[in-house]
Protein chains: 2
Amino acid sequence: MAIKKEKVSKELILEAARNVFIEKGFDGARMQQIADRAGANKALLHYYFSTKESLFEDVFKEAFSTFAPHFHDELLKVKSFKSFLVFFLDIYIKLLLNHPYLPLFILSELQRNPDKLAQIVKGIVDFELIQQMIKKEMDDGNVVKMDVRELIVNILSLCIFPFAGRPMMQRVLWKNDEVGYVNFLNQRAESIYKFLESTLFINN
Amino acid sequence: MAIKKEKVSKELILEAARNVFIEKGFDGARMQQIADRAGANKALLHYYFSTKESLFEDVFKEAFSTFAPHFHDELLKVKSFKSFLVFFLDIYIKLLLNHPYLPLFILSELQRNPDKLAQIVKGIVDFELIQQMIKKEMDDGNVVKMDVRELIVNILSLCIFPFAGRPMMQRVLWKNDEVGYVNFLNQRAESIYKFLESTLFINN
DNA sequence: AAGTTATTTAACCATTTGGTTAATAAAATA
DNA sequence: TATTTTATTAACCAAATGGTTAAATAACTT
């Protein structure tokens, strides 16, 4: 049986690199494995992306952009923090369901190489507008007063940890029942909202 | 200046291995670096711990035992979920403050090698008693009714994520102000309690 | 079609890495 | 003290790994 030869290109390599790096991390990833998964010769990786570091940086930057919450347009359209929260939880949990390995990948690579990688992704994420918006809602008496950054960390904790901590949580709390855990994750946006509702909102 | 020769032993090697593995992960760790940091010859690592894998497993098991919440005695002594929560947050956040790199280490290694490592740490962590206790408190009307496992995940999220997500959170929300972030972490036990109080407890 | 450029590959290469060996030094034991 | 066991080391080794090179093939240009 002849080996089916497909078009090999920069994009196929990037795609393979994404998979391998996110699965194994920078240190665990092998250029040969990326080449194999792309159906390409290893030298071709160096032809398009000069070094492993450089290829990784491309992957990381893109991954970070995906993972980092973006607020631009929806922030402006929305009329209260309450509806923002509903909206945000919906899209962000959906995103994590589509990219469940991103959190741990981003966080561990960032920890292993904080300065260099932070440099690479500088300016991609910006919480300024959100912070202002929440602050205003607190001043207006719609949201319970607390440290805004703390509130954001709490919300992100509740979103991200179930994905990042899955290898542990699923085992010890769901007795390794994958279906059950996926159900839990699928409900996550609503669960978080319900959980937070009574804590956060005044005049409800 | 003569090089000071100290006693080199199994414990020094383990100590060095702990540091290096937790800092770099299994794939990023180098036996030579562990040897150097222990002030020992590389062959000595293989004398005491036969392979890198085996040395890593020892380190991982110990690290997991430290990281995993333990409930034994305090669970029995405590009279309500409310006081349990106060107690738990205090000791667990203190533990994380003392071992801030553990969460990301455990979680990423567990994700890279779930089955093997889960096998190694099987039985170390057990949430059964806690779940029963919380369930009873819900039935008694002291705690708001919800899925118990979900509640536990929420609490652990709020505890662990600020540490695991520090490389990202500190930059984007604290503008890389280390002192500010450490303050935040130091307050964490109280903050979490205050945040949860209004959500969780009935008749307060 | 001829010439030029871009893509792709097989074969190498130097370095790093986990691991081994055989010999030495230090303790323990008799 | 003599001997046996334990601890420690320098020197190696084979495999793996990121990276290079020079040649071949395919794709454009003219």
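All chains are named by letter (A, B, ...) in the order of the sequence lines, taking the proteins before the strands, and each is independently numbered beginning at 1.
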Practice problem: Using the six-membered ring wherever Trp is involved, compare the ring planes of F81(B) and F84(B) and label them parallel, tilted or perpendicular (cut-offs 30° and 60°). | Solution: parallel
Self-check item: Those residues that, when tested against F21(B), pass ring-ring contact (aromatic ring centres under 6.0 Å, His included) (two or more places apart)
Solution: F56(B)
Quiz item: Atom CZ of F56(A) to atom P of dG19(D): distance rounded to whole Å?
Solution: 14 Å
Quiz item: Looking at dT8(C), dA10(D), dA10(C), which one has an atom nearest to any side-chain atom of N41(A)?
Solution: dA10(C)
Quiz item: Which nucleotide, dG19(C), dT20(D), dT9(D), lies nearest any side-chain atom of A43(B)?
Solution: dT9(D)
Quiz item: Y48(A) side chain N/O closer than 4.0 Å to the phosphate oxygens (OP1, OP2) of dA6(C)?
Solution: no
Quiz item: What is the distance, rounded to the nearest whole Å, between atom CG of L45(B) and atom C1' of dT17(C)?
Solution: 13 Å
Quiz item: Is the Y101(A)-F163(A) ring centre distance short of 6.0 angstrom?
Solution: no
Quiz prompt | Residue K52(B), side-chain atoms from C-beta onward, closest of dG18(C), dT9(D), dG19(D) | solution = dG18(C)
Exercise. Would you confirm whether the ring centroid of Y92(B) sits within less than 6.0 angstrom of the ring centroid of F88(B)?
Key: yes
Self-check item: Gap between atoms CG and C1', on D36(B) and dT17(C) respectively (whole Å)
Solution: 13 Å
Quiz prompt | Side-chain-base donor-acceptor pair under 3.5 Å for K42(A) and dG18(D) | solution = yes
Self-check item: Rounded distance (Å) that lies between atom C1' of dT21(D) and atom CG of L44(A)
Solution: 15 Å
Quiz item: Is there side-chain contact between P114(A) and M168(B), with heavy atoms separated by less than 4.5 Å?
Solution: no
Quiz prompt | More than 12 heavy atoms from other groups under 6.0 Å of CD on E53(A) | solution = yes
Self-check item: DNA chain D-proximal residues of residues 20-35 of chain A, any heavy atom under 4.0 Å
Solution: A29(A), R30(A), M31(A)
Practice problem: Take Y47(B) and H46(A), find for each the nucleotide of DNA chain D with the closest heavy atom, and name the residue whose nucleotide sits nearer the 5' end. | Solution: Y47(B)
